[in-house]
Amino acid sequence: MAKSADNHFPTDVPLAYVPYSSSKPEITSAGEPKTLDLSKELPGHKVVITSAIGAFTPPCTENHIPTYLDNVAKFKAKGVNRIIVLTVNDPFVNSAWAKALGYKDDDNYVIFATDPEAALSKELGENYVADMSKLGLGLRSNRYAAIVDDGTIHYLKSEDAGAFTDISNANTLLRSL
Amino acid sequence: MSNELKEGDTFPKGVTFKHIPIDPAALDPLACQIPAPLNVDQILDQTTGNTLIVSVPGAFTPTCTENHIPPILNHLNDLKEKKNIQSVIIMSANDPFVLNAWGKLLLKESKVSSTGPKLMFASDGNAKFSQENGLSVDASANGMGIRSARFALIVQNGTKKVLYLGKEVERGVKYSGVEAILQAKL
């Protein structure tokens, strides 16, 4: 669990993302990055946050994130205002990855955002980052999932060393909502 | 220590990148494959002509994706005929998974013939090679850390001499694009 005594999800790390726009649908064309400020995003909203080791890395591409993308309607029905997918990749890579996964929606209900140098994930605790320097991948955000309601953590669990199990599967979060 | 690599220098020994070899017949960017080391000494030894290394600060970033790499991919045969370039390594500090996906997507959109030079998309992990040779840029202000700069570098086969090194000093593609490479005096 996060170290925060009052169980609030940290909001002090500015994230970055490139919003999807149907004017740039090709995977290889990117727009300009924007800042995602959690201190504005979380209050008054129900937000699902899930982190992956990296864009285009196995097995998150095949299994993990699609469980969220496939269930957007169910998350909306449960009153979730936004889904945030985090990796340490830069916003251009995340934007391309989102499109490659088939997420092309101008409402940007799902935001693929950059956790810069895993700074946000570090605040959640040591299990929320994965040091993959030996593989030349540097420090990564671990695979994890969270439900944050009005800034307060209702669910927060991390996988063991980047595995993908029920812990971070969208269906588990849907049952917890 | 960082030594600035210059034209006329011998290309450093022991440079290793990482890559996932791309099969032009299988260009699914979401396919899962395992990265392998790319031993640059070996590439230089095996290449019967010159080797071109083109570096970008980031895969999928607007400048390189739109203006820099596609014109190079579309002129690979020219580079082979006019500059005797037999191997091309497209490189960045992104990880090999990202480069693999990017490479596949670019190849889908390009006209690359099977008679062209050998083509690789490789990762300079932690921008190690770039940093050691004065070829890195600090993109921390944009949250992108230390990256490889935008440059093009031609290494002669046999002598391993750097015949051309065109590094961008500002935004844009002036010294590292296909036109500059085709006009380079080797």
Side-chain angles (χ1 to χ4, degrees), chain A residues 13-18 24 26-36 52-66 69 87-103 112-120 132-140 164, chain B residues 16-20 27-38 56-70 73 92-110 121-129 139-147:
Chain A
V13 176
L15 310 176
Y17 74 108
V18 176
K24 287 185 180 286
E26 301 87 11
I27 301 174
T28 50
S29 73
E32 282 298 311
K34 279 186 162 180
T35 300
L36 180 68
I53 301 281
F56 297 111
T57 60
C60 47
T61 296
E62 293 79 6
N63 306 324
H64 172 205
I65 303 306
L69 301 181
T87 77
V88 300
N89 291 107
D90 68 53
F92 302 108
V93 169
N94 279 327
S95 156
W97 186 43
K99 289 187 230 182
L101 288 172
Y103 188 73
F112 285 72
T114 300
D115 179 9
E117 293 167 16
L120 174 71
M132 308 197 83
S133 304
K134 277 187 188 155
L135 298 170
L137 299 176
L139 184 71
R140 298 281 171 148
F164 173 56
Chain B
T16 307
F17 299 141
K18 275 199 173 159
H19 79 144
I20 299 174
L27 295 178
D28 174 7
L30 298 178
C32 261
Q33 289 155 301
I34 302 302
L38 181 72
V56 301
F60 294 112
T61 59
T63 306
C64 24
T65 301
E66 287 157 22
N67 308 322
H68 189 192
I69 302 304
L73 296 180
S92 85
N94 294 107
D95 68 53
F97 300 107
V98 168
L99 275 156
N100 179 252
W102 188 50
K104 286 173 174 171
L105 289 161
L106 288 176
L107 287 175
K108 268 189 184 176
E109 294 171 2
S110 308
F121 286 83
S123 162
D124 181 20
N126 304 319
K128 183 174 183 286
F129 160 76
S140 305
N142 296 322
M144 292 170 64
I146 305 288
R147 297 288 182 128

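So that the names make sense, note that chain A is the first sequence line, chain B the second, and so on, each numbered from 1.
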Note, A:L137 side chain near B:F97 side chain (heavy atom, < 4.5 Å): yes
Test side-chain contact (heavy atoms from CB on, under 4.5 Å) applied to A:W97 and B:V98, step by step: CA-CA 9 Å; A:W97 186 43; B:V98 168; over 6 Å; no
Which portion of B:N94 sits near chain A, non-hydrogen atoms under 4.5 angstrom: side chain
Qualifying salt bridge (charged side-chain N to carboxylate O under 4.0 Å, His left out) pairs with a residue from residues 97-108 of chain B, counting only residues at least two apart or across chains: none
Euclidean distance, B:W102 CH2 relative to A:T28 OG1, rounded to 0.5 Å: 10.0 Å
Pick from B:S140, B:G125, B:S123, B:A101 with the largest number of heavy-atom pairs that fall under 4.5 Å of chain A: B:A101
Distance in Å, B:F60 CZ paired with A:N94 CG, rounded so as to fall on 0.5 Å steps: 10.5 Å
Closest contact, heavy atoms only, A:A30 versus B:P62: O-CG, 4.0 Å
Structural part of A:A16 lying under 4.5 Å from a heavy atom of chain B: neither
Sole residue of B:N100, B:L99, B:L30 in side-chain contact (heavy atoms from CB on, under 4.5 Å) with A:F56: B:L30
Interatomic spacing from CG in B:D95 to CZ in A:R140 - rounded to 0.5 Å: 4.5 Å
